[in-house]
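Lettering follows sequence order; numbering is per chain, from 1.
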Number of protein chains: 2
Amino acid sequence: MKDVASAAGVALKTVSRVVNGEPGVHPETAERVRAAIDQLGYSRNESARVLRRGTTATIGLVIEDVADPFYAGLSRAVETVVIDHGCLLLSGSSGEQPGRERELVETFCARRVDGLIMVPAGDDHTYLRPELEAGTPVVFADRPPGAGIDVDTVLSDNVGGARQAVRHLLSHGHRRIAFLGDDPAIFTAAGRLQGYKEELGGLFDQRLVSMRTPAPEAVRAAMDHMFDLDDPPTALFTGNGRCTVTTLRVLDGRRPALVGFDDFELADLLDPGVSVVAQDPSWMGRVAAELLFRRLRGDTGPSEHIELPVRLIPRGSGELTPGDL
Amino acid sequence: MKDVASAAGVALKTVSRVVNGEPGVHPETAERVRAAIDQLGYSRNESARVLRRGTTATIGLVIEDVADPFYAGLSRAVETVVIDHGCLLLSGSSGEQPGRERELVETFCARRVDGLIMVPAGDDHTYLRPELEAGTPVVFADRPPGAGIDVDTVLSDNVGGARQAVRHLLSHGHRRIAFLGDDPAIFTAAGRLQGYKEELGGLFDQRLVSMRTPAPEAVRAAMDHMFDLDDPPTALFTGNGRCTVTTLRVLDGRRPALVGFDDFELADLLDPGVSVVAQDPSWMGRVAAELLFRRLRGDTGPSEHIELPVRLIPRGSGELTPGDL
DNA sequence: TTGAAAGCGCTAACAG
DNA sequence: CTGTTAGCGCTTTCAA
């Protein structure tokens with residue numbers, strides 16, 4: 001900038017004004033400065049700018065895994081909103097490890113991100129307190145923070161979605177409905193289990209529930225065990241996209257009715273088409289990011305807790321009746 | 001840092017030494033400093049550090065779209081390598097728009113990223129020249145740079161993969177093999193078309209080729225047209241994951257043999273299973289990132305051009321014969 | 001082993 | 001409309 005200034009024969013500050021499009025520069029001077037900039041190939045050093053202004057125009061995003069289609073969709077939506085606001089996105093995957101989540105968050109904070117959107121892996125977020133007190137806005141998406149932390153959240157209607165799925169299966173005559181969900185330590189998995197139980201009421205049978213990280217062998221073992229019961233399930237409710245896919249892989253010719261939580265590509269092309277309770281990851285990302293920017297613009301109201309509705313999409317598998325088995 | 005220094009009764013520089021784990025600090029002094037840090041909740045301001053040191057420990061990644069499973073997988077792999085090297089990842093999606101690609105790259109460069117990995121959308125990268133001359137290493141993945149730019153590349157064997165696919169179909173008796181590919185302006189699409197032509201030799205028929213952005217209506221129209229020919233195709237070769245999925249959606253009961261470029265989740269669960277020429281996006285991401293870090297460590301050898309092999313996975317659809325139609 | 005001073009490149013505040 | 005000065009928080013250099 002100094003070089004540009006002397007090349008253009010003006011003061012440093014004038015260059016700064018031109019670079020930042022500040023008003024109050026004679027057009028001719030500005031032109032001279034721009035010429036010098038082009039000639040020298042100058043580009044503003046953002047680090048210095050950040051240091052001086054105290055704001056980084058950077059948002060941090062911590063998710064579980066970019067390679068998971070749900071979080072990929074969420075990421076893309078967040079990215080779009082962030083870029084539209086002239087900011088950049090630092091992102092990282094926690095891989096469902098609380099330690100990694102915390103490391104990422106702390107690294108992002110050391111870089112002084114202006115705000116943070118996170119899908120937490122752990123359930124203790126007291127480490128965020130200094131940042132929150134320093135005024136960094138944080139929005140939790142998909143899962144809420146641990147106890148004692150009061151921040152904005154954007155969640156899906158997990159309980160309601162699960163109830164919808166079970167109600168759908170009940171209405172098609174099923175009474176033995178199994179639940180194949182993820183590790184119940186995960187908030188969404190727990191909520192969906194709760195909805196399943198609530199809707200099932202007296203029909204609930206612990207032996208028809210399996211909750212674990214969806215590894216093929218484990219899911220196959222759980223399924224085999226259920227189908228070996230005297231009173232086997234006639235329908236399955238799977239707790240998230242990965243559970244659904246894993247379950248489909250280990251059906252081995254069995255043809256129970258099936259409703260899965262989460263939509264996925266090609267669900268409509270399978271035979272039968274897979275009925276799902278669909279979330280909208282892009283919507284969640286967009287809502288979370290927009291909420292964050294509202295905070296960044298100075299909205300200091302009480303923390304908001306947005307719950308996004310989910311939608312049951314019938315495609316065939318959820319409309320099979322016990323007689324079809 | 002100043003506050004920490006006065007709280008601990010030492011000089012600024014001593015705090016800096018402790019924070020950075022530099023040797024030559026009396027253990028007792030260091031302890032006192034650490035206590036002060038904890039008490040004040042101090043954390044180093046990375047922006048200032050960056051400004052002073054001139055290195056950001058940040059890598060920029062520009063891809064086409066994080067929500068595309070191929071690039072999501074690639075992103076995840078890049079992210080892992082980057083984090084393992086103690087760096088952070090700035091990422092953005094170009095959405096196949098050259099202007100957006102350039103904006104992202106320029107923004108990343110203004111932030112002084114230490115290196116750049118990109119899947120280009122455009123074919124003019126001369127704008128990178130100042131950065132390259134300034135010594136910023138850049139690796140192109142999946143697609144090469146435009147003319148006149150000499151950088152490291154990590155590409156798949158597109159031509160060879162296409163030839164493999166066509167050879168496979170030929171060996172199952174097909175002579176009328178259509179190609180449904182993406183916009184030929186895209187490097188990978190062009191390479192796959194070339195392989196298709198080469199392997200087909202005299203059997204090539206321009207009427208069996210359709211290359212465009214895979215929008216359902218357009219693909220359906222192209223297919224209808226081909227199947228209306230006197231000599232319709234008995235087999236299809238689709239040019240990438242999105243083309244394959246779109247094609248599957250518009251088959252409408254027709255049952256040609258099919259081999260797709262790119263693997264995708266559930267390809268094995270469809271009926272018939274979809275045979276594919278599989279790339280490995282994680283591998284590509286890992287190789288690109290590792291190459292970048294090798295450059296960052298000072299390797300100034302001539303630019304490297306790595307070609308990753310692809311693998312044909314037979315699952316049923318590619319093994320149908322003309323008689324099965 | 002410790003510290004003082006300079007300065008990275010920029011913007012804010014305040015003149016002219 | 002333009003310029004001067006101070007200082008963001010850190011690391012580097014040099015001295016004690």
Side-chain angles (χ1 to χ4, degrees), chain A residues 1-37 40-58 86 88 107 109-114 130-131 134-136, chain B residues 1-37 40-58 86 106-107 109-114 130-131 134-136:
Chain A
M1 195 176 256
K2 203 170 63 180
D3 294 347
V4 173
S6 61
V10 297
L12 198 67
K13 178 67 220 188
T14 302
V15 180
S16 171
R17 287 203 177 92
V18 172
V19 168
N20 293 298
E22 285 172 35
V25 179
H26 194 89
E28 214 167 86
T29 317
E31 203 34 65
R32 210 143 30 92
V33 171
R34 260 188 289 273
I37 287 175
L40 275 68
Y42 166 83
S43 108
R44 181 172 66 193
N45 182 321
E46 292 294 330
S47 313
R49 173 170 227 246
V50 160
L51 176 59
R52 185 60 239 239
R53 303 197 40 172
T55 165
T56 55
T58 306
L88 246 35
T107 314
C109 289
R111 303 254 179 152
R112 301 292 187 268
V113 291
D114 292 341
E131 284 306 318
T136 308
Chain B
M1 197 175 254
K2 202 170 63 180
D3 295 348
V4 172
S6 61
V10 297
L12 197 66
K13 176 66 221 189
T14 303
V15 179
S16 172
R17 287 200 177 95
V18 172
V19 168
N20 294 299
E22 286 172 34
V25 179
H26 194 88
E28 215 167 85
T29 316
E31 202 35 65
R32 212 147 26 93
V33 171
R34 260 188 290 274
I37 287 175
L40 275 66
Y42 166 84
S43 106
R44 180 173 67 193
N45 182 321
E46 292 294 330
S47 313
R49 173 170 226 246
V50 161
L51 175 59
R52 189 58 241 243
R53 304 195 36 167
T55 165
T56 56
T58 306
E106 287 180 341
T107 314
C109 289
R111 303 255 179 152
R112 302 293 188 268
V113 290
D114 292 341
E131 285 305 320
T136 308

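Contact annotation for A/A48: base contact, defined as any heavy-atom pair under 4.0 Å involving a base atom. Across all strands shown, A/V10 has heavy atoms under 4.0 Å from sugar-phosphate atoms exclusively, and none from any base.
Here the closest heavy-atom approach between residue A/T56 and residue A/V113 is recorded as OG1-CA, 3.6 Å. Across all non-hydrogen atoms, the minimal contact from B/D114 to B/T136 is O-CG2, 3.8 Å.
For A/R53, whose side chain is taken as the heavy atoms from C-beta onward, the closest listed nucleotide among C/dA4, D/dC10, C/dT11 is C/dT11. Ranking D/dT4, D/dT11, C/dC10 by closeness to the B/R52 side chain, first place goes to D/dT11. Closest to the side chain of A/R17, out of D/dG3, D/dT11, C/dC10, is D/dG3. Closest to the side chain of A/R44, out of C/dC10, D/dT11, C/dT2, is C/dC10. Listed candidates were C/dG9, D/dT11, C/dT11. Nearest to the side chain of B/L51 is C/dG9.
Taken over five-pair windows at either terminus, the axes of the helix from C/dT1-D/dA16 to C/dG16-D/dC1 are inclined to one another by 30° (rounded to 10 degrees).
In this structure, A/T14 reaches the D/dG3 phosphate: one of its side-chain N or O atoms is under 4.0 Å from OP1 or OP2. One finds a side-chain N or O of A/S16 lying less than 4.0 angstrom from the OP1 or OP2 phosphate oxygen of C/dT11. Taking only side-chain nitrogens and oxygens, A/N20 comes nearer than 4.0 Å to OP1 or OP2 of C/dT11.
One N or O on the side chain of A/R32 and one on the backbone of A/A8 form a donor-acceptor pair closer than 3.5 Å.
The distance between atom CD of A/E22 and atom P of D/dG3, rounded to the nearest whole Å, is 14 Å.
Residues of residues 23-34 of chain B having a heavy atom closer than 4.0 Å to DNA chain C, listed by number: B/G24, B/V25, B/H26, B/T29.
Remark: the A/T58 side chain and the B/R111 side chain contain an N/O donor-acceptor pair separated by less than 3.5 Å.
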